[in-house]
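Below: the structure, in structure tokens.
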Protein chains: 2
Amino acid sequence: MTRAIQTKNEKLPDPVGFATHDHNDCIDTAIAAAETHCANNGVRLTPVRRKALEILLQEHRALGAYEILDRLRDAGFGSQPAVAYRALEFLVTNGSAHKIERLNAFIACAHSKVSHVPAFMICTECDSVAEVQSNLTNKAFGNAAHVAGFRIEQTTMEAVGLCPVCIDKSKT
Amino acid sequence: MTRAIQTKNEKLPDPVGFATHDHNDCIDTAIAAAETHCANNGVRLTPVRRKALEILLQEHRALGAYEILDRLRDAGFGSQPAVAYRALEFLVTNGSAHKIERLNAFIACAHSKVSHVPAFMICTECDSVAEVQSNLTNKAFGNAAHVAGFRIEQTTMEAVGLCPVCIDKSKT
DNA sequence: ACTTGCAATGTTATATCATCACATAGAAAT
DNA sequence: ATTTCTATGTGATGATATAACATTGCAAGT
């Protein structure tokens, strides 16, 4: 469950698509995207919110609110749950992060540039989480909703199972 | 949030497809289906489990574990959380009930006869929940998973929004 | 019939996740 | 400068969930 801290210029497998990628400046990019988005929408990416997003971006995995709270406190912010929950609510509302309902945890958005319906694959073995680009999926749900006369505001799509890495491990 | 108790021979709108249906013997039918399923799989539908399923079937809506626990206690069973959680885990594992992750609540399965991938529409206004028959939806998710090399074991698909009834209400 | 084994239940305690209410501080609007 | 509104900090509490262990009851093997 613990995971190595990301060091500079290192490439390691991470759960964005369960594939290796260069993590180096994806944090800066994502923060910049969030700032732009906030500016465009007349909301503020305050220090706590920004720090919370940074924390989520450090690791591409889902973090519990209290885990985030710990790190916010270490960074000099408030130490009560509401501090974390408020920052997270903001990030989720503004599309910079998603809540993984299955885990009661939060993860930085992996597709912050494009409008998308988030979908996730969650490994039961190593707890890694991959965000899937999946508008087709939503279309199918949308049909059912249309027939029923239901007006969708937000969808949650999460698959639990085994990631490729853990499938390999289980074979040996 | 409260909902009228179902009385005999009455037809009322309920959240199974947000449409009116005859509720009269759907409880008996579902219990019978669960019993058959248990017999076929060498597991036991014990009194607590059966009662928990009955409780869920009484209303076609999502009930929290503690709400179920209250009623189990009233029926003479144990009064501690584990009692409810264990019965619910059993029902979920055996397909007689589903957990609604968005609500941290449980609901009787509306399609207990057929194998299916559960999907739900949840009204933010009246808290009604409709189970959707939606294998197509899963196929789309399955494609993404296949490409990623992820082995899906279980999926959660939930849409929140407004049900037809509440859309109508909001128009007036 | 005994007893061994196992699944299910009950209970105590505690862990984990989340929100409410209210005070204070700081930015934006007038 | 004053007002207003948003954001933050804190204390208290609520809601959801599991761990650990004792007890019971049934069923298989002898």
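As a basis for the values below, the full set of heavy atoms in this structure was taken, side chains included, without hydrogen atoms, waters or symmetry mates. Naming convention: chains lettered A, B, ... in sequence-line order (proteins, then strands); numbering from 1 in each chain. What you see is a predicted model, and the numbers here were worked out from it, not measured in a lab.
Base pairing in DNA chain D gives the following stems of 3 or more Watson-Crick or G-U pairs, range against range and under 3.5 Å: C:1-30 with D:1-30.
The phosphate of C/dA18 (OP1 or OP2) has a side-chain N or O of A/Lys99 nearer than 4.0 angstrom. In terms of phosphate contacts, A/Asn104 brings no side-chain nitrogen or oxygen within less than 4.0 Å of OP1 or OP2 of C/dT16.
Taking atom CZ of residue B/Arg102 and atom C1' of nucleotide D/dA15, one finds them 17 Å apart after rounding to whole Å. Atom CZ in A/Arg50 sits roughly 14 Å away from atom P in D/dT8 (whole-Å rounding). Separating the CG atom of B/Leu88 from the P atom of D/dT18 is a distance of 11 Å, rounded to the nearest angstrom. Counting to the nearest Å, the P atom of C/dA18 and the CG atom of A/Leu103 are 11 Å from each other. Residue B/Phe106 contributes atom CZ, which lies 13 Å from atom C1' of D/dA15 at whole-angstrom precision. Note: OH (A/Tyr85) to C1' (D/dT10) measures 16 Å, nearest angstrom. A/Glu67 places its CD atom 17 Å from the P atom of C/dA15, with the value rounded to the nearest Å. In this structure, CD of A/Glu89 is placed 18 Å from P of C/dC17, rounded to the nearest angstrom.
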Letter by letter from the 5' end, nucleotides 5-12 of chain C scores (B base, S sugar-phosphate only, - none; protein heavy atoms under 4.0 Å) ---SBBBB
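With ring centers used as reference points, A/Phe120 lies under 6.0 Å from A/His98.
Between A/Arg61 and A/Glu67 a salt bridge is recorded (basic side-chain N to carboxylate O distance below 4.0 Å). A salt bridge links B/Glu59 to B/Arg71: at least one charged side-chain nitrogen sits closer than 4.0 Å to a carboxylate oxygen.
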>> Using the rule given for side-chain contact (heavy atoms from CB on, under 4.5 Å), can you reason through B/Ile107 versus B/Leu56, listing the C-alpha separation, both sets of side-chain angles and the distance that settles it, and then say yes or no?
In response: CA-CA 6 Å; B/Ile107 194 165; B/Leu56 289 174; 5.6 Å; no
Output, in order, the C-alpha distance, side-chain angles, deciding distance and verdict of side-chain contact (heavy atoms from CB on, under 4.5 Å) for B/Asp168 and B/Lys171.
-> CA-CA 5 Å; B/Asp168 274 357; B/Lys171 277 177 188 161; 4.2 Å; yes
Q) Under the salt bridge (charged side-chain N to carboxylate O under 4.0 Å, His left out) criterion, do A/Lys169 and A/Glu125 qualify, and how do the steps go? A) CA-CA 10 Å; A/Lys169 274 186 200 150; A/Glu125 190 67 24; over 6 Å; no
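Between B/Ala87 and B/Ala52, the shortest heavy-atom contact is CB-CB, 3.9 Å.
Checked against B/Glu89 for a side-chain contact (heavy atoms from CB on, under 4.5 Å), the options B/Leu91, B/Thr93, B/Val92 give a single hit: B/Thr93.
At least one donor-acceptor pair closer than 3.5 Å links the side chain of B/Glu158 to the backbone N or O of B/Arg102.
At a cut-off of 3.5 angstrom, the base of C/dA18 holds at least one donor-acceptor pair with the side chain of A/Tyr66.
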